[in-house]
Amino acid sequence: MIKVNLQNVSAPVSVFEAVKAENPDVLKGALCAEVNGKVVGLSEEVCENGEITLFDFSDPEGKKTYWHTTSHVLAEAVKILYPEAKLAIGPATDTGFYYDFDYDPGFTNEDLSKIESQMKKIIKKNTRLNRYTLSRAEALEKVKDEPYKVELINDLPEDSELSFYEQGDFTDLCAGPHLTFTGSIKAYKLLSITGAYWRGDEKNKMLRRIYGISFPTREELDAHITQLEEAKKRDHNKLGRELELFTTADVIGQGLPIMLPKGARVIQLLQRWVEDEEQKRGWLLTKTPLMAKSDLYKISGHWDHYQDGMFVMGDEETDDEVFALRPMTCPFQYQAFLNRGRSYRDLPMRLAETSTLFRNEASGEMHGLIRVRQFTISEGHLMCTPEQLADEFRNCLDLTNYMLKTLGLYEDVSYRFSQWDPEDTEKYIGTPEQWDEAQGIMKEILDDIGLEYKIGVGEAAFYGPKLDIQIKNVHGKEDTLITIQIDQMLAEKFGMEYVAADGTKKNPYIIHRTSIGCYERTLALLIEKYAGAFPLWLAPVQLKVLPISERFEDYAKKVTDELLAAGFRVELDNRSEKIGYKIREAQLEKLPYMVIVGEKEAEEGTVSVRSRKDGDKGSLKLDEFIKELKVENDTKAR
RNA sequence: GCUAGUGUGGCGCAGCUGGUAGCGCAAUUGAUUCGUAAUCAAUAGGCCGAGGGUUCAAGUCCCUUCACUAGCUCCA
């Protein structure tokens with residue numbers, strides 16, 4: 001981005017011309033500009049002197065302009081090849097662009113190639129994009145054959161400016177900004193065809209969406225495509241299966257992964273660590289049932305607000321009792337609080353549980369270990385007084401931050417303050433006043449901590465606002481890893497009370513929180529973070545002992561046993577292959593350490609150590625090596 | 001749930017417009033004991049996701065279903 005101070009503007013002139021008059025050199029690579037706080041195309045007019053900012057492809061604004069124009073070229077190509085296709089919307093995203101079409105035959109992969117060729121022609125013609133505005137009546141007349149555009153116009157506020165961009169014979173209702181010429185698009189690729197609901201509402205028609213990406217040079221495009229392929233190699237769903245951390249079975253069903261010995265071990269390691277850490281921080285452990293009668297969920301509100309998400313066993317019409325697997329731990333853990341009368345002296349009461357949950361996700365939602373139907377979460381509910389709320393919230397956040405830092409994920413997360421949607425009366429319980437209060441309290445706490453967050457309207461839980469800790473997977477898709485919620489509604493519903501110092505009975509505030517999230521999802525992100533090469537303390541197999549030939553298997557066995565006895569996770573490679581082959585296999589397994597033993601080592605009582613981190617460490621006395629390992633393991637070094 | 005795609009031995013693939021399944025690696029056995037992958041020999045392993053249908057004949061065509069993938073919606 002380059003700032004330019006315009007000094008010679010006397011009459012309205014295009015940004016391009018104005019900058020050219022000032023300093024033509026800075027126009028190289030410029031794609032759009034910010035004038036008076038608004039991002040505009042370079043062909044748009046400026047009327048007065050002052051500072052403007054130019055953006056090129058390295059700026060998000062530049063990228064978006066570039067991609068957005070590519071989407072218009074895509075739309076034009078589609079309209080030429082498939083005139084009956086109706087235009088919906090075609091914005092730039094953080095990772096490219098898409099355009100939605102209503103075209104019932106749908107597009108095939110062959111169509112994509114055809115469209116790409118057509119786009120080439122449009123780009124070659126290098127048509128100019130002209131912006132103009134119309135009155136509402138004129139605009140509606142202009143788009144009368146495009147029902148989605150008509151709907152867009154009709155839904156815009158009365159006073160909004162209706163701008164159009166015209167490139168040759170193709171015109172689109174669009175706020176812009178755009179590049180000045182289609183020929184500026186140098187390298188592009190259409191990536192996929194998918195369905196997408198009109199206006200993101202599943203009640204609306206599903207349109208055909210074409211995704212694509214473009215770059216100023218062929219090299220950048222190629223590099224981007226290579227990068228996508230590289231990302232695929234880290235994909236936990238591929239790598240996790242290759243490394244035998246987990247698998248799935250058709251006969252078991254969707255969203256129900258099988259943790260293989262290695263995956264199960266990593267989860268166990270995480271779980272022990274989390275439970276121990278929670279204990280250190282004053283959390284008490286509960287163990288509550290995985291299912292309950294429908295009565296419980298009726299009190300909590302799940303029956304009315306979450307039933308679609310639950311696995312219900314039995315039929316209310318025909319069965320005496322109907323059960324449901326638990327989708328959340330809250331109402332179960334509350335029973336522990338309700339076990340006897342509580343006073344303010346019992347508070348804060350911090351209840352933690354390693355809790356297996358069941359959610360009946362829609363069939364298309366499942367994804368590897370990220371979205372599953374059964375998962376185990378480091379759950380917790382904290383009952384406290386209003387005075388304790390801020391400190392306790394802060395403590396919960398401290399714990400999650402400690403977890404994230406230790407795992408090496410801290411730099412990768414972002415925070416979302418998830419609020420309710422006052423328009424959505426179906427989804428939420430409670431009154432606007434209660435929501436204002438709970439959200440107000442949370443805002444105060446977050447601002448006091450100084451956390452940088454974005455706001456997610458309609459992302460709250462049905463009973464209260466959330467602080468969601470978000471993380472992106474290897475494909476750039478964001479998911480919630482951890483959540484901390486403030487709930488002032490369920491305590492009342494469940495009759496949870498404590499006797500305050502003044503003798504009155506009060507409902508406690510409840511913090512719903514997780515310390516490390518659910519183990520499956522966290523494991524998925526760790527696989528991707530480390531590309532399967534887990535730090536020593538988390539590695540399912542920490543060392544592999546490789547005898548250079550079968551003659552040294554006795555010594556290899558002895559070394560293995562000693563390492564096992566010292567508490568390490570060790571495997572002995574007892575195959576008859578050459579050592580080079582064994583090493584190569586061990587490398588593929590991404591082990592922290594290889595221990596090679598042969599004649600020399602057997603005689604000296606040493607081991608030849610090869611570390612993933614430090615390479616060849618040479619011969620070490622076994623007991624000294626073990627000491628070193630213990631230190632590394634205990635410090636949870638990455 | 002919706003839109004599209006995929007589904008052949010553990011893994012990676014071949015199998016064109018239908019004619020009764022192959023290859024490489026891995027595995028097993030025997031020989032070899034070789035210090036940074038692929039010596040020798042032999043063996044075993046697949047009702048081609050599942051269930052129907054068309055056909056004299058289906059991995060190849062049609063229908064249904066299950067699972068996996070991308071995206072939408074939804075969500076930890």
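Worth saying up front: this structure is predicted, and the values here are computed from it rather than measured. In what follows, every heavy atom counts, from backbone to side chain, and hydrogens, waters and symmetry copies are set aside. All chains are named by letter (A, B, ...) in the order of the sequence lines, taking the proteins before the strands, and each is independently numbered beginning at 1.
- Looking at heavy atoms from C-beta onward, Met259(A) lies out of side-chain contact with Thr247(A) at the 4.5 angstrom threshold.
- Ring centroid separation for the pair Tyr428(A) and His305(A) does not come in under the 6.0 Å cut-off.
- Listed for the Arg234(A) side chain is a donor-acceptor partner under 3.5 Å among the backbone atoms of Glu528(A).
- One C1' atom belongs to A58(B), the other to G15(B), and the distance between them is 13 Å to the nearest Å.
- Tyr98(A) comes within contact range of no nucleotide atom at all, as no heavy-atom separation falls under 4.0 Å.
- When distances run from any side-chain atom of Ala196(A) to the nucleotides A76(B), C72(B), A70(B), the shortest one goes to C72(B).
- Using bins of under 30°, 30° to 60° and over 60° for the plane-to-plane angle, the ring pair Tyr593(A)/Phe625(A) lands in the perpendicular bin.
- Across all strands, Arg208(A) comes closer than 4.0 Å only to sugar-phosphate atoms, never to a base (heavy-atom distances).
- Relative to the side chain of Thr248(A), the nucleotides A76(B), G71(B), C68(B) differ in distance, and C68(B) lies closest.
- Here, C61(B) and U29(B) have their P atoms 41 Å apart, quoted to the whole Å.
- The separation of C62(B) from G19(B), taken at their P atoms, amounts to 16 Å, rounded to a whole angstrom.
- Taking only side-chain atoms of Tyr197(A), from C-beta outward, the nucleotide of C74(B), A27(B), C2(B) with the closest atom is C2(B).
- Judged by distance alone with a 3.5 Å cut-off, a donor-acceptor contact links the side chain of Glu361(A) to the base of A76(B).
- Residue contacts shown for Gly309(A) are absent, as no nucleic acid heavy atom lies under 4.0 Å away.
- Counting non-hydrogen atoms under 4.0 angstrom, Arg373(A) reaches nothing in the nucleic acid.
- If you measure from atom CG of Asp201(A) to atom P of G71(B), you get 21 Å, rounded to the nearest angstrom.
- Residue-level contact check: Gly200(A) touches the backbone only, with heavy atoms under 4.0 Å from sugar-phosphate atoms and none from bases.
- Side chain Arg359(A) to base C75(B): no donor-acceptor pair is found below 3.5 Å.
- In this structure, the CE atom of Met366(A) is 11 Å from the C1' atom of G1(B), given to the nearest Å.
- Residue Lys427(A) has a polar side-chain atom (N or O) positioned under 4.0 Å from OP1 or OP2 of C75(B).
- No contact: Val251(A) has no heavy atom under 4.0 Å from any strand.
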What are the atom names and distances for every N/O pair under 3.5 Å that joins the protein to nucleotides 46-49 of chain B?
none

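- Comment: Lys582(A) does not engage Glu577(A) in a salt bridge, judged by the lack of any side-chain N to carboxylate O separation of less than 4.0 angstrom.
- Residues Glu151(A) and Trp198(A) bring a donor and an acceptor atom of their side chains to less than 3.5 Å of each other.
- In the model, Thr288(A) has a side-chain atom that pairs as donor or acceptor with a side-chain atom of Arg326(A) under 3.5 Å.
- The nearest whole Å value for the distance from the NE2 atom in His305(A) to the P atom in C75(B) is 14 Å.
- Heavy atoms of Ile370(A) sit under 4.0 angstrom from at least one base atom.
- The same atom, P, is picked in U60(B) and in U3(B); the two are 24 Å apart, to the nearest Å.
- Nucleotides G22(B) and U65(B) are separated by 29 Å at their C1' atoms, to the nearest Å.
- Using a 4.0 Å heavy-atom distance criterion, Lys232(A) is classed as making no nucleic acid contact.
- Between C66(B) and Gln254(A), no contact under 4.0 Å exists linking OP1 or OP2 to a side-chain N or O.
- Rounded to a whole angstrom, the distance from the C1' atom of A41(B) to that of U32(B) is 11 Å.
- If you look at Tyr82(A) and Phe107(A), their ring centroids are closer than 6.0 Å.
- Regarding Tyr103(A), its OH atom lies at a distance of 13 Å from the P atom of A4(B), rounded to whole Å.
- Figure legend. G46(B) is base-paired to no nucleotide; pairs are counted as Watson-Crick or G-U wobble with both atom distances under 3.5 Å.
- With both ends at atom C1', the span from G71(B) to G53(B) equals 33 Å, rounded to whole Å.
- In this structure, Lys427(A) places its NZ atom where more than 12 heavy-atom neighbours from other residues, nucleotides or ligands lie under 6.0 Å away.
- Of the candidate nucleotides G1(B), C68(B), A76(B), C68(B) has the atom lying nearest to any side-chain atom of Arg241(A).
- Separating the NZ atom of Lys205(A) from the C1' atom of U73(B) is a distance of 17 Å, rounded to the nearest angstrom.
- In terms of position on RNA chain B, the residue among Thr108(A) and Glu459(A) whose nearest nucleotide sits closer to the 5' end is Thr108(A).
- Residue Arg265(A) qualifies as open at atom CZ: its count of foreign heavy atoms under 6.0 Å is 12 or below.
- For the residue pair Gln254(A)/Ser363(A), the side-chain donor-acceptor check at 3.5 Å is not satisfied.
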Where do N or O atoms of nucleotides 29-36 of chain B meet protein N or O atoms at under 3.5 Å, pair by pair?
| residue | atom | partner | partner atom | Å |
| --- | --- | --- | --- | --- |
| U33(B) | O3' | Arg551(A) | NH2 | 3.4 |
| U33(B) | O2' | Ser549(A) | OG | 3.0 |
| U33(B) | O2' | Arg551(A) | NE | 2.9 |
| U33(B) | O2 | Ser549(A) | OG | 3.4 |
| U33(B) | O2 | Glu550(A) | N | 3.1 |
| U33(B) | O4 | Glu550(A) | OE1 | 2.7 |
| U33(B) | O4 | Glu550(A) | OE2 | 3.2 |
| C34(B) | OP2 | Arg551(A) | NH2 | 2.4 |
| C34(B) | N4 | Ser576(A) | O | 3.4 |
| G35(B) | O6 | Glu601(A) | OE1 | 3.3 |
| G35(B) | N1 | Glu601(A) | OE1 | 3.3 |
| G35(B) | N1 | Glu601(A) | OE2 | 3.3 |
| U36(B) | O2 | Arg610(A) | NH1 | 2.9 |
| U36(B) | N3 | Arg610(A) | NH1 | 3.2 |

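- U33(B) and A14(B) have their P atoms separated by 40 Å, with the value rounded to a whole Å.
- For U3(B), the paired base is A70(B) (Watson-Crick or G-U wobble, both distances below 3.5 Å).
- Using a 4.0 Å heavy-atom criterion, one finds that Lys203(A) contacts no nucleic acid atom at all.
- Panel note: side chain Arg373(A), backbone Phe358(A); no donor-acceptor pair is recorded below 3.5 Å.
- The base-pairing partner of A41(B), taking Watson-Crick or G-U wobble contacts with both distances under 3.5 Å, is U29(B).
- Pairing for C61(B) is with G53(B), a Watson-Crick or G-U wobble pair whose two hydrogen-bonding atom distances lie under 3.5 Å.
- Projected onto RNA chain B by closest heavy-atom contact, Asp235(A) and Ile482(A) fall at different nucleotides, the more 5' of which corresponds to Asp235(A).
- For NZ of Lys86(A), the number of neighbouring non-hydrogen atoms (other residues, nucleotides, ligands) closer than 6.0 Å is greater than 12.
- Lys466(A) has no side-chain polar atom (N or O) that falls below the 4.0 Å cut-off from OP1 or OP2 of C75(B).
- To the nearest angstrom, C1' of A70(B) lies 17 Å from CZ of Phe107(A).
- Judged by Watson-Crick or G-U wobble contacts below 3.5 Å, the nucleotide U20(B) has no partner.
- In this structure, Glu365(A) atom CD and A70(B) atom P are separated by 12 Å, rounded to whole Å.
- Backbone-only contact: Arg209(A) has heavy atoms under 4.0 Å from sugar-phosphate atoms and none from a base.
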